Amino acid sequence: MSSARQDVGRFRRLPSPDWLAGDCAVHGKLGSFDTTAQIHPAAFTEAMMAGAAERGARLIEGCVEGIALAAGGTRAAGAVVDGTEVAADAVVIAMGPWSLLACRWLPLPAVYGIKGHSLVFDYEPSPVSLFVELETGDGEVAAPEINPRPDGTTYVCGLSGEHALPVDPADVLPEAGACTRLRRMTASVSPGLGASRVLAEQACFRPVTSDGLPLVGLVPGIAGAFVATGHSVWGMLNAPSTGEAMAALIAGGADGGVDLRPYDPARLERLDPEAPVS
């Protein structure tokens, strides 16, 4: 859909929901209730962890400070968590944009963090997600996404940030004025939504690589070390298939029927953590 302070009638191909502004035009449909679904990141992660725990997995909460190496530095033997080595037969680097820190421990290419902002509104429109092409009256152009959730809230995201990735994820905060801008964009698309109560103002970083493809596979030259990150905005969607492929790779050396060659970490030059930043 699109929204602009001009006549958008020529873009209007489908009826607009009654909760959208009058100058919005819906000009495409991506799927139906039978072909699409929504994933809630926190609920998904908690459910996956609970399912793993039921099958014998153990969650250790702490700060990973390094990878323990054996066999002359050519095999991963575990992880160092809060100063204590936790032995393991295999180690997987799957820290999102913070996988960049692992370049100090293993020969890996860089993973970069791209910041985005989001709002959660106490608002329940019709259960239709929108991918918006928006130009406001002051000429601001953006592409926010609006996702009503089954719990009666609506999640809106899509405003980039300028801050660099902090070392501590707890330091990720919305940038000054960003959430106000995102709310203003939301109101231009749906006045009722934009005027409703905001339950959360959030920011996050998504992991990307220099060529835009994820890193999934063996860490070059280090037996027992693997990486699975760099999926950008598609991390949660691709997590189950990535996890299945990684499990098969670790357990038997195969890829579980998924061709991982395009995502081989060896395709990119490793980051030298000692190199000066230009």
Side-chain angles (χ1 to χ4, degrees), residues 41-42 45 61-67 79-83 91-120 134 136 138-145 147 155-186 198 200-217 219-220 225-239 242 263 265-278:
T45 302
E61 296 189 22
C63 179
V64 178
E65 300 169 339
I67 301 299
V80 180
V81 182
D82 292 331
V91 173
V92 181
I93 303 299
M95 303 188 294
W98 286 275
S99 299
L100 178 68
L101 299 176
C103 293
R104 299 178 299 175
W105 316 324
L106 297 169
L108 286 169
V111 177
Y112 305 96
I114 297 180
K115 191 175 186 179
H117 292 84
S118 61
L119 298 171
V120 179
L134 169 68
T136 63
D138 57 6
E140 188 173 20
V141 178
E145 299 177 11
N147 292 286
Y155 175 80
V156 179
C157 64
L159 184 63
S160 298
E162 301 296 332
H163 289 176
L165 180 75
V167 174
D168 188 343
D171 292 334
V172 177
L173 298 171
E175 297 176 17
C179 290
T180 299
R181 289 173 56 207
L182 185 56
R183 183 166 188 160
R184 185 173 67 246
M185 292 178 188
T186 303
V198 174
E201 297 181 347
Q202 305 170 134
C204 66
F205 283 85
R206 54 190 182 272
V208 297
T209 63
S210 59
D211 66 358
L213 295 177
L215 305 176
V216 182
V219 174
F226 305 83
V227 63
T229 189
H231 294 77
S232 187
V233 297
W234 306 108
M236 285 291 169
L237 184 64
N238 288 317
T242 298
Y263 318 116
R267 76 184 188 275
L268 299 175
E269 183 177 356
R270 67 166 295 188
L271 176 66
D272 180 1
E274 305 299 329
V277 179
S278 57

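Values in this document were obtained by computation on a predicted structure and should not be read as measured data.
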Is there side-chain contact between [X] and [Y], with heavy atoms separated by less than 4.5 Å?
{"X": "M236", "Y": "T45", "result": "yes"}
{"X": "L268", "Y": "L213", "result": "no"}
{"X": "R181", "Y": "L159", "result": "yes"}
{"X": "V227", "Y": "V216", "result": "no"}
{"X": "P109", "Y": "L271", "result": "no"}
{"X": "V111", "Y": "L215", "result": "yes"}
{"X": "I93", "Y": "W98", "result": "no"}
{"X": "L108", "Y": "V219", "result": "yes"}

- So how far is it from R184 CZ to L134 CG, rounded to the nearest 0.5 Å?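 R184 CZ to L134 CG: 10.0 Å, rounded to 0.5 Å.
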Mind checking side chain to side chain donor-acceptor pair (under 3.5 Å) for [X] and listing every partner two or more places apart, or none if nothing turns up?
{"X": "E145", "answer": "none"}
{"X": "H231", "answer": "T242"}
{"X": "R270", "answer": "none"}
{"X": "D211", "answer": "T209, R267"}

Considering all heavy atoms of both residues, which atom of [X] and which atom of [Y] are nearest to each other, and what is their separation?
{"X": "G62", "Y": "D82", "result": "CA-OD2, 3.3 Å"}
{"X": "C179", "Y": "E201", "result": "SG-CB, 3.5 Å"}
{"X": "M95", "Y": "W105", "result": "CE-CZ3, 4.0 Å"}
{"X": "P220", "Y": "P107", "result": "O-CG, 3.2 Å"}
{"X": "P144", "Y": "L182", "result": "CB-CD1, 4.5 Å"}
{"X": "P97", "Y": "P207", "result": "N-CB, 3.4 Å"}

- Task: Flag yes if more than 12 heavy atoms outside Y263 fall under 6.0 Å of its OH atom; otherwise flag no.
- Result: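 No, the 6.0 Å shell around OH holds no more than 12 heavy atoms from other groups.
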- Message: Assess the residue pair I114 and F205 against the criterion (side-chain contact (heavy atoms from CB on, under 4.5 Å)); give the C-alpha distance rounded to whole Å, side-chain angles, the decisive distance to 0.1 Å, and a yes or no.
- Response: CA-CA 5 Å; I114 297 180; F205 283 85; 5.8 Å; no
- Those residues that, when tested against E175, pass salt bridge (Lys or Arg N to Asp or Glu O under 4.0 Å) (two or more places apart):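 Salt bridge (Lys or Arg N to Asp or Glu O under 4.0 Å) list for E175, sorted by chain: K115.
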- Set of residues satisfying side chain to side chain contact (heavy atoms under 4.5 Å, CB included) with respect to A200, sequence neighbours excluded: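 Expected list: V120, Q202.
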Short side-chain to backbone donor-acceptor contact, [X] and [Y], under 3.5 Å:
{"X": "S99", "Y": "T229", "result": "no"}
{"X": "H117", "Y": "A203", "result": "no"}
{"X": "D171", "Y": "P166", "result": "no"}

